[in-house]
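The structure appears below as structure tokens.
Computed over heavy atoms, backbone and side chain alike; hydrogens, waters and symmetry mates excluded.
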Amino acid sequence: MKFSTLAALMLSVAASALVASGGAAFTSKEARKVISETASPAERSDLITTAAAGFTRVGEGEVAILIAAESPPLTQAQVLLNVIDALPVSRRTEVDALMLKVDVAHALTTDWHHTRISRALAFTQARLGRLELAQKIAQGIADAEDRAFAQLSVVRALVAAGELNRAEQLALSMEENRRYGTYRQKAEALSAVAIAHHHQGACDGASQLIQTAAQLLPKKPGWSDGEAMRTVAIATHALGEIDAAQVWLGQAETLADSIKGPWRVSELTAVAGAWVACNQTARSEIVLKNVGVFLASLPADERVREAPTLARAYHAVGEQAAARALLTANLSLAATLPQPEVSRAARIRTWVAWTELFGAEPIPTAVAN
């Protein structure tokens with residue numbers, strides 16, 4: 001695939017600017033400065049978790065925790081759990097000490113903040129292999145949607161651990177609430193178990209589960225059903241039902257393509273990834289090119305926010321040069337924005353995407369025309 005045209009366009013729309021930046025050059029002091037100058041509490045919390053994720057990814061979990069130290073308990077807990085997830089096995093002795101800090105933050109929250117931490121906690125405990133505890137936490141979550149997401153993470157962990165009977169029982173027991181959309185998480189859980197059964201040769205059981213999952217999806221879906229539809233499509237393809245999988249993915253693509261807002265980028269790139277998973281690389285190329293055209297049409301402040309998502313999609317399909325070019329161009333464009341807050345936030349998000357894709361490799365200096 002050739003995506004250099006979009007990168008060139010991104011560079012050309014930025015005014016002359018020199019962006020000298022690199023993964024190693026971005027410091028915790030800079031991150032805290034950007035965050036402290038952000039007026040919106042919601043945006044500030046988002047930048048904290050984003051920046052912390054970047055430092056965690058390059059092995060600087062202590063810096064991530066420091067950045068979040070004065071943030072609200074929900075943000076602190078999310079950062080701590082992200083650090084725990086990233087710890088190598090050799091440092092697992094630190095888990096319990098960090099979990100105590102999570103417990104303190106958890107105790108200081110109420111309402112949806114409390115259930116959101118519970119959901120993240122169940123996910124982390126499942127990732128750590130503490131499946132009984134994870135399942136207990138998930139089951140105790142009061143909010144229907146957060147409980148469903150937590151149970152989905154436990155089902156996936158059980159599948160990964162080879163405990164398919166437990167995974168199937170939990171998936172089948174999940175709520176199918178139409179009001180809160182929990183049928184989506186149940187469909188994804190059933191799909192995960194179906195693929196595992198198929199890999200073990202239990203084809204009849206796998207087929208029954210995927211049929212149940214497909215029946216959960218609405219006949220008139222909205223764009224928020226896209227993730228579940230993609231998951232069902234990939235599972236259907238894994239079971240050898242190629243035509244049915246393409247029908248599901250075609251519907252998911254149509255839904256995503258109808259979105260007018262900037263989140264159309266994330267939805268369509270996810271569709272492109274699903275086409276690749278279903279061995280339809282040519283279709284994925286078409287989708288990604290359409291995403292590039294749409295991204296270039298967005299106002300600059302929205303474009304700099306969405307560009308890292310497309311860069312990740314390029315990288316996922318092996319187009320590393322296009323991903324590098326797009327992220328480098330994004331820094332140039334961010335430097336031209338009249339809103340300092342938006343520009344700084346874009347720099348953090350672009351740097352985090354770079355660390356995710358290329359580790360500590362320095363971001364090349366970019367000069368826009």
Side-chain angles (χ1 to χ4, degrees), residues 1-3 5-6 9 145 148-149 152 176-192 194-195 207 209-299 302-303 305-319 322 326:
M1 283 180 283
K2 301 296 182 184
F3 297 111
T5 302
L6 175 64
L9 179 60
E145 186 176 24
F149 274 112
L152 172 58
E176 304 169 17
N177 193 305
R178 289 284 157 181
R179 178 181 177 186
Y180 297 108
T182 56
Y183 60 87
R184 302 178 186 118
Q185 289 78 50
K186 182 168 184 174
E188 292 184 59
L190 290 169
S191 296
I195 292 175
S207 181
L209 288 174
I210 203 62
Q211 287 177 25
T212 302
Q215 289 168 0
L216 289 172
L217 299 180
K219 289 183 172 56
K220 295 182 178 180
W223 73 264
S224 56
D225 294 308
E227 184 173 0
M229 293 176 71
R230 295 189 299 269
T231 304
V232 169
I234 291 170
T236 302
H237 184 274
L239 269 61
E241 299 178 24
I242 310 302
D243 292 342
Q246 292 185 8
V247 170
W248 280 116
L249 269 188
Q251 291 183 34
E253 182 179 330
T254 299
L255 284 172
D257 209 32
S258 68
I259 296 171
K260 304 302 180 185
W263 64 94
R264 179 179 180 182
V265 172
S266 59
E267 286 295 305
L268 277 175
T269 53
V271 170
W275 280 121
V276 171
C278 292
N279 297 327
Q280 295 290 322
T281 304
R283 185 69 171 266
S284 175
E285 292 178 11
I286 293 170
V287 173
L288 287 181
K289 288 178 181 177
N290 290 338
V291 176
V293 172
F294 175 73
L295 179 68
S297 74
L298 292 174
E302 293 181 351
R303 199 182 316 152
R305 188 181 185 106
E306 300 299 324
T309 299
L310 182 55
R312 290 182 175 99
Y314 286 163
H315 189 274
V317 296
E319 291 292 333
L326 183 54

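Atom CG of L288 is separated from atom CG of L295 by 11.5 Å, given to the nearest 0.5 angstrom. To the nearest 0.5 Å, atom CD of residue E188 and atom NZ of residue K186 are 13.5 Å apart. Within the model, atoms CG of L152 and CD of Q185 stand 6.5 Å from one another, a figure rounded to the nearest 0.5 Å. L190 contributes atom CG, which lies 11.5 Å from atom CD1 of I195 (distance to the nearest 0.5 angstrom). In this structure, the separation between OG1 on T309 and CG on L326 is 10.0 Å, given to the nearest 0.5 Å. One finds the CZ atom of R264 at 4.5 Å from the CG atom of D257 (value rounded to the nearest 0.5 Å).
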Name each donor-acceptor pair under 3.5 Å that joins a side chain in residues 269-280 to protein atoms two or more places apart or in another chain, with its distance.
{"residue": "T269", "atom": "OG1", "partner": "V265", "partner atom": "O", "Å": "2.9"}
{"residue": "T269", "atom": "OG1", "partner": "S266", "partner atom": "O", "Å": "3.0"}
{"residue": "W275", "atom": "NE1", "partner": "E253", "partner atom": "OE1", "Å": "2.9"}

Report, one line per pair, each donor and acceptor closer than 3.5 Å where one atom sits in a side chain of residues 210-220; sequence neighbours left out.
{"residue": "Q211", "atom": "NE2", "partner": "S207", "partner atom": "OG", "Å": "3.3"}
{"residue": "T212", "atom": "OG1", "partner": "Q208", "partner atom": "O", "Å": "3.0"}

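Judged as a ring-ring contact (aromatic ring centres under 6.0 Å, His included), the pairs with a partner in residues 237-265 (not counting sequence neighbours) are, in order, W223-W263. Applying the salt bridge (Lys or Arg N to Asp or Glu O under 4.0 Å) test to pairs two or more places apart or on separate chains, those with a residue in residues 266-279 are R230-E267.
A heavy-atom distance below 4.5 Å is not found between the side chains of R283 and L249. Looking only at side-chain heavy atoms (C-beta outward), P221 and M229 come within less than 4.5 Å of each other.
Side-chain atoms of T231 and R184 include no donor-acceptor pair closer than 3.5 Å.
Closest of all the heavy-atom pairs between G222 and L255 is O-CD1, 3.5 Å.
Judged as a side-chain contact (heavy atoms from CB on, under 4.5 Å), and not counting sequence neighbours, the contacts of N177 are E175, R179, Y180, T182. Under the side-chain contact (heavy atoms from CB on, under 4.5 Å) criterion, A244 pairs with T236, E241, sequence neighbours left out.
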